Amino acid sequence: MREACPDPELIARAGQIIREGGLVAFPTETVYGLGGDAMQPDSSRKIYEAKGRPSDNPLIVHICEIEALEGVADRIPEKAYRLAERFWPGPLTMIFYKKPCVPYETTGGLDTVAVRFPSNKIAQALIRAGGGYIAAPSANRSGRPSPTLASHCKEDLDGLVDMIIDGGQVGIGLESTIIDLTEKEPVILRPGYITQQMLSEVLGEVRTDRALIDPDSGTKPKAPGMKYRHYAPKAEMTIVKGESGAVLSYINARLDALRAVNKRTGVICTDETAPLYRADFVHSLGREGDEESAARELFRMLRRCDDENVQYIYSEAFPQEGLGQAIMNRMAKAAGQRIIEV
Ligand code: TXA
Ligand code: MG
């Protein structure tokens with residue numbers, strides 16, 4: 001996907017908005033972010049307010065050079081530099097102990113801070129113009145799918161932000177991988193484009209937070225954001241797992257039953273199976289096995305189901321390996337963990 005270039009005049013204006021305590025929605029390679037100055041407590045307060053987000057859910061601090069890490073993080077382990085060398089700039093967020101200069105408003109009251117160096121050029125230019133440290137959650141209203149287009153930010157935040165920078169459709173489409181480096185063993189708190197396998201190539205074995213693998217385990221996720229209902233379309237969504245013929249017949253039977261009682265239905269599937277479903281709206285995430293396309297399209301398709309006032313969504317399940325882990329993590333949250341095996 002071709003990335004849009006930063007317009008210097010626009011970036012200068014946006015940087016000034018950030019420095020003066022305002023908010024700017026901007027593209028990153030993962031999803032659009034809602035940016036404010038990470039060092040100003042009032043900016044972070046404004047971010048929570050605009051998003052309608054609980055203030056115990058910490059923000060990620062975005063930087064535009066590795067050297068800036070030392071300005072906000074304390075006791076940085078050597079592992080962090082190895083990860084940074086391999087994956088920064090890029091879709092990886094690392095958690096460290098925070099320096100006292102980072103306001104608790106930004107870290108949701110925690111003594112730790114999440115830091116990411118995005119690769120998107122508009123994001124980098126904005127961070128530089130904005131003073132070097134931009135706190136940015138995904139630029140959606142809390143609970144809605146993350147924005148992968150500037151129009152999604154406008155839908156959710158019109159009138160609540162000072163500027164929205166349009167950088168086209170984002171390349172990745174799912175939020176960054178989060179890894180906690182504050183404990184002896186690094187732990188993945190949120191799966192993303194940088195997979196467990198890619199991380200273990202640098203670090204040796206890496207664990208995933210238990211609360212993510214088994215949402216019913218009763219353990220509390222370490223990333224506060226992972227405990228909230230998320231990405232939720234307005235429709236009731238169900239993921240159907242199993243052999244492809246069985247999935248197809250199960251979903252079609254459900255669709256027929258729902259349409260018989262005048263419910264609006266939607267299906268999320270692949271190019272290969274799309275012609276075979278009898279839903280009101282059928283949305284393909286791309287060709288079977290093309291995980292990059294599925295990641296890029298998922299949130300957009302969930303939003304589209306909302307626009308179409310779909311009441312019931314059935315989605316095919318995706319394989320859990322590699323990037324599939326992150327895709328299924330987001331889908332399962334959108335479906336409120338409603339997963340059926342046929
Ligand atoms: O790709 C991304 O990471 C995007 C773009 C804009 O950079 N940002 C993003 O931010 O997804 P947000 O706020 O939607 O998600 C941040 C997640 C939340 O689940 C939050 O709980 C977790 O990061 N988090 C932030 N700081 C943390 C900390 N100190 N300890 C544990 N989890 C933290
Ligand atoms: Mg978010």
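Only this structure's heavy atoms are used, side chains among them; waters, hydrogens and symmetry mates stay out. When a ligand or atom number is given, it counts from 1 through the structure's own listing order. FYI, the numbering just counts along the sequence from 1. Treat the numbers as computed from the prediction; the structure is a model and nothing was measured.
With Thr112, Leu92, Thr182 as candidates, the residue nearest to atom 29 (N) of ligand 1 on a non-hydrogen basis is Thr112. Comparing heavy-atom distances from atom 27 (C) of ligand 1 across Pro58, Gly192, Ala25 singles out Pro58 as nearest.
Separating the OG atom in Ser284 from the CD atom in Glu297 is a distance of 8.5 Å, to the nearest 0.5 Å. Note that CD of Glu185 is 10.0 Å distant from CG of Leu203, once rounded to the nearest 0.5 Å.
Proximity of Lys51 to ligand 1, defined as any heavy-atom pair under 4.0 Å, is not found for any part of the residue. With a 4.0 Å heavy-atom cut-off, ligand 1 is reached by the backbone of Pro137 and by its side chain too. When non-hydrogen atoms are compared, ligand 1 lies under 4.0 Å from the side chain of Ile60 (C-beta onward) but not from its backbone.
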- Task: I would like to know whether Lys51 and Arg141 meet side chain to side chain contact (heavy atoms under 4.5 Å, CB included); could you show each step before the answer?
- Result: CA-CA 4 Å; Lys51 261 186 85 81; Arg141 286 283 295 175; 5.9 Å; no
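Hydrophobic clustering, defined by side-chain heavy atoms of Ile, Leu, Val, Met, Phe, Trp and Tyr closer than 4.5 Å, groups Tyr250 together with Val240, Val247, Leu248, Ile251, Leu255, Leu258, Val267, Leu276, Tyr277, Val282, Tyr312, Tyr314, Ile340, Val342. The hydrophobic cluster of Ile60 has no other members, since no ILVMFWY side-chain heavy atom comes under 4.5 Å of it.
Any protein N/O/S atom under 2.8 Å from the Mg ion (ligand 2) was counted, giving 1 altogether.
Residue-ligand proximity: Thr107 is placed with every non-hydrogen atom at 4.0 Å or more from ligand 1. Lys98 does not count as a contact of ligand 1, since none of its heavy atoms falls under 4.0 Å from the ligand. The shortest separation from a heavy atom of Ala136 to ligand 1 is under 4.0 Å, placing the residue in contact.
Glu70 pairs by the side chain to side chain donor-acceptor pair (under 3.5 Å) definition with Tyr81, not counting sequence neighbours.
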